[in-house]
Colleague: 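Below is one structure. I have some questions about it.
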Amino acid sequence: MTATLPQVGLLKGLGVTLKTLLKKPTTQQYPHVKPDLPPRTRGVIALMEENCTVCMLCARECPDWCIYIDSHKETVPPKEEGARARTRNVLDRFAIDFALCMYCGICVEVCPFDALFWSPEFEYSTYSIRELTHEKEQLRKWMDTVPPPPELEVGAETPKEISDGLAAARKAAEASAAAAAPAAPAAAGGAAAGGAPAGGAAAAAPAAKKQEEDIHVEAQIDQEVYDQLIAEGKSERVARARAKAAYVRKEKARIRAEREGQS
Amino acid sequence: MTETMLPREGAGVVPGPPGESMLVEIRTGEQELSTQEMNLNVGPQHPATHGVLRIVLDLDGEKIVRAQPIIGYMHRGFEKLAEARDYRQIIALVNRHDWLSAFNNELGVAMAVERMMELEVPERAQWIRVLMAEWNRILNHLMFVGSFGLELGAITPVFFAFREREDIQHLMESATGGRLHFTYNRVGGLKEDLPRGFLKASKQLTKTIRVRNEEYRDLLFGNEIFVARTKGVGVLDPAVALDYGVTGPTLHASGVAEDVRVTEPYAVYDRLDVRVPVGTAGDSYDRFKVLLDRIDVSCDLIDQVIEGLPSGPVNVKLPKIVKAPEGATYVRTENPLGQTGYYLVSDGKKNPWRLKMRTPSFSNVQMIPHLLEGALLPDMIAILGSVFFVVGDVDR
Amino acid sequence: MDTSIFALDNAWLALLLKVVAVLAFFLVAPLVMGYMEHKVLGHMQARYGPMEAGLGPIKHGVGQLVADGLKFLQKEDIIPARADRWVFALAPGVALIPAMIILVVIPFGPGLWAEDLDTGVFFALAVSSVSVIGLLMAAWSSNNKYSLMGGIRAAAQLIAYELPLVLAAAAVVVQAGTLSLVGIVEAQHSFTAFGIPVPYAVPQLLGFLMFFTAALAELSRPPFDMPIADAEIIAGHMTEYTGIRFAFFMLSEYAGMVVMSALATVLFLGGWYLWPGVPLPSGWLGALLGFAITMGKITTLVFVMVWFRATFPRLREDQLQRFSWLILIPLALLQIVVVAVFKVLA
């Protein structure tokens, strides 16, 4: 093994460190600056209690068996006379032990009623392990931090919810176009076709728009509404906008009533 | 020191013939002044061994006479755990034995189940699998680039490597939700598709990684001190390597270009141009060089995937309970550390009957005693740093 | 100025002032240099270094080392059961005191020195070798194989690098014609090579680099930090030390960095003069300027030491030894010959 003499390689290394010295560091000063987490981040699991039907699929599929669910059955009196009494599952306890949780996401994926969601919230450390078992009240609170899912990449298949809703909207639009002039609230047909709000709105909007198209009203401020909103404490901008909208609505209704009165 | 006063056999003094006065003969050479060998325990808690690996050394001064690795400190019973979990749960589980190559592990298991069920995985899923697998490979290699420098005393490259890892992990998090344990594969494809902007960010990041790779070359690789510490250290003969079952970059550095992505391509590797960088001397220097080159190769592969990504679905509709038919299969994948094999035996139920894992770190660690004998103590650090292994992978 | 500012009529007062000045500098300068190391190392690694610990309203980690000192003070004093008690306890002191003593002879500006010994260089280099004994004491008495290995490596390394250090300094002494440190600074002030006034570092560039390298090895700083190789033998001879004793070892390292840089400044970089031939204003202004210039040069050299730490991996001991015996010492001897020849001819 021969001895080494300092050569160019050492100087290049010195150059790299000097260059880094002069650049801004990449550290994020954590408690002062919160990290910018993407929407799919698996921070904590949130529960939408209203959707849960206590099917127990999440508790069964969890690899660690860290979901504790208690429930009881209740009978609901029938809506009409003579019908059968229905039984309903009522959720008593839904707890996730985050000390055991592997953050694998199988429970969120497997829930058929979309009751479990991922949230990027990660600042929930505690001083004792027992406090890491969170009950449904806390899980419900974390629902407020759940972000909407991101759009998918170009070339991806559209998700089933969106494609179903679009198909329903298209059908409803065709149906309302076919049953055109008597402004048929075929929006009802759209609503029946899956209840996707996109579908319903898409169907209702074309039908409603056709009616309003031929009435043009100059926007002015409805003074009464404006004064009332200012008195309530709304800001001037908001009050003006709502007052204008109210005026336009009243004018259009008046004109429509006139037209109907005429026809 | 318990030594008797009488001269030992083979000691420097030899008694003369009987009857005569004590004639002594002083011998020189090997039997003279035997020094005692020092027994040193490196680990299980030691900064140099990556994790809880214990090596018992017999030292003669600073030279290692014998080395014996003792493993098992991280045995978690993976294979037994897998027998009690169903086919989606074991994907979450196998993330964790080689935690630096989580996606590749999942890929192997998912492929094993798909092969047994004869499922056709959609095209787009295969391409995205390759994309994620290559990003994971870069993550893994960056970790070892950093830690190798750290063990030799270069404290800066590790920070740079982790800066790159943070960027990549942020990218992976946007798609999978996790930074280390992805759980992104499913039987029959992937969990869900990539988010908008992922491909553009990927392309940007490969450019950055290529530039930073040059920085590692300048900072560490061309450094004369680094060269002096690693050239000729821990030379691994290719025949010995193949005998021990060594795979991955450790084997490639010895000149053998055995890469599963080329010999038995899976996913869409047969449609991509996979280069396999090899070294010539098989020493620590070559292992590091192979590592840096493989990062460049993975960047190329990612760019190729971004070019050729088709559109379509990413998973198939599975029955409510996934059951693999009776039978057994063995799937080989090229993990960043070497060749990983999963031997899956099923008896028709929803849990596997047996999941045996062939892990690359286990074989790589086997040849450490062979490399260490005759080396100096600081060389042990260089050798341990250059033989890439993860203790979770060794012990499972 | 030829006399120290401490040359007062009352000898006892002068002594007290000298002691206070040396102690104050010894305790403050390493802290400042330590802070610089933290921050510079951090920024070279694309991070910030200490930010939260602060003194009063100033944050950015200025209070980090103060906090470290307080932390070490309040730690439990642990001596391993099978360790050699007295040797173990005294070793940090033996490693630390020489650094303080060398400060007595180093001039920091016109009149700013405690003692101007006629054998200044000899005294400084001799005293710096005493700290090796402290290391060996620590290593042996710890009753720990890792410490022992660190101590043996340290002993071999420090002895090997004493020679280039001394020989490089000897070349300067030959050029200046005096062993006194103040005398060497004054000699540099009037030194010209081929008519251009330059500090000794320019004609004796090789000597300067050798002195610097040997100083790095003496201090066990990277790339010569095999005795304290963190990844291998934890902390070498300091493994079993905790609390204030460990702090003493750390302080001795930083103080050593300051002292060696100060020696290099005085011997090679022209001391407190901005450039040879450029005179300083007299009186307090001159003293202040001189001190500032010296501290600037010392800080630059310490910065280079930190820069080396950030960039280079460790040399293995046999490579270290080869480098010293086969390269540095022959070059140092050559340097002396060249200087002597030029001195006689010029």
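In the text below, chain A, chain B and the rest are named by the order of the sequence lines, each starting its count at 1.
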Colleague: OH/Tyr48(C) to CD/Gln28(A) distance, rounded to the nearest 0.5 angstrom?
Modeller: 9.5 Å
Colleague: So do His32(A) and Met51(C) actually touch side chain to side chain, heavy atoms under 4.5 Å?
Modeller: no
Colleague: Would you mind telling me which of Thr27(A), Thr20(A), Thr26(A), Leu14(A) has the largest number of heavy-atom pairs within less than 4.5 Å of chain C?
Modeller: Leu14(A)
Colleague: So does Ile129(A) have more than 12 non-hydrogen atoms from other groups sitting under 6.0 Å from CD1?
Modeller: no
Colleague: Using heavy-atom distances under 4.5 Å, tell me whether Lys19(A) contacts chain C through its side chain, its backbone, both, or neither.
Modeller: neither
Colleague: Which heavy-atom pair separates His43(C) from Leu21(A) by the least distance, and what is that distance?
Modeller: CB-CD1, 3.6 Å
Colleague: With a sphere of 6.0 Å drawn around CZ of Arg130(A), does it hold more than 12 non-hydrogen atoms of other residues, nucleotides or ligands?
Modeller: no
Colleague: Which answer fits Leu22(A), side chain, backbone, both or neither, if we ask what part of it has an atom under 4.5 Å from a heavy atom of chain C?
Modeller: neither
Colleague: Verify the neighbour count for atom NE2 of His60(C): are there more than 12 heavy atoms of other residues, nucleotides or ligands below 6.0 Å?
Modeller: no
Colleague: Quick check: does any side chain N or O of Thr17(A) sit under 3.5 Å from a backbone N or O of Ala310(C), one acting as donor and the other as acceptor?
Modeller: no
Colleague: Heavy-atom pairs under 4.5 Å with chain A are the metric here; pick the option from Glu52(C), Gln45(C), Arg47(C) that has the most.
Modeller: Arg47(C)
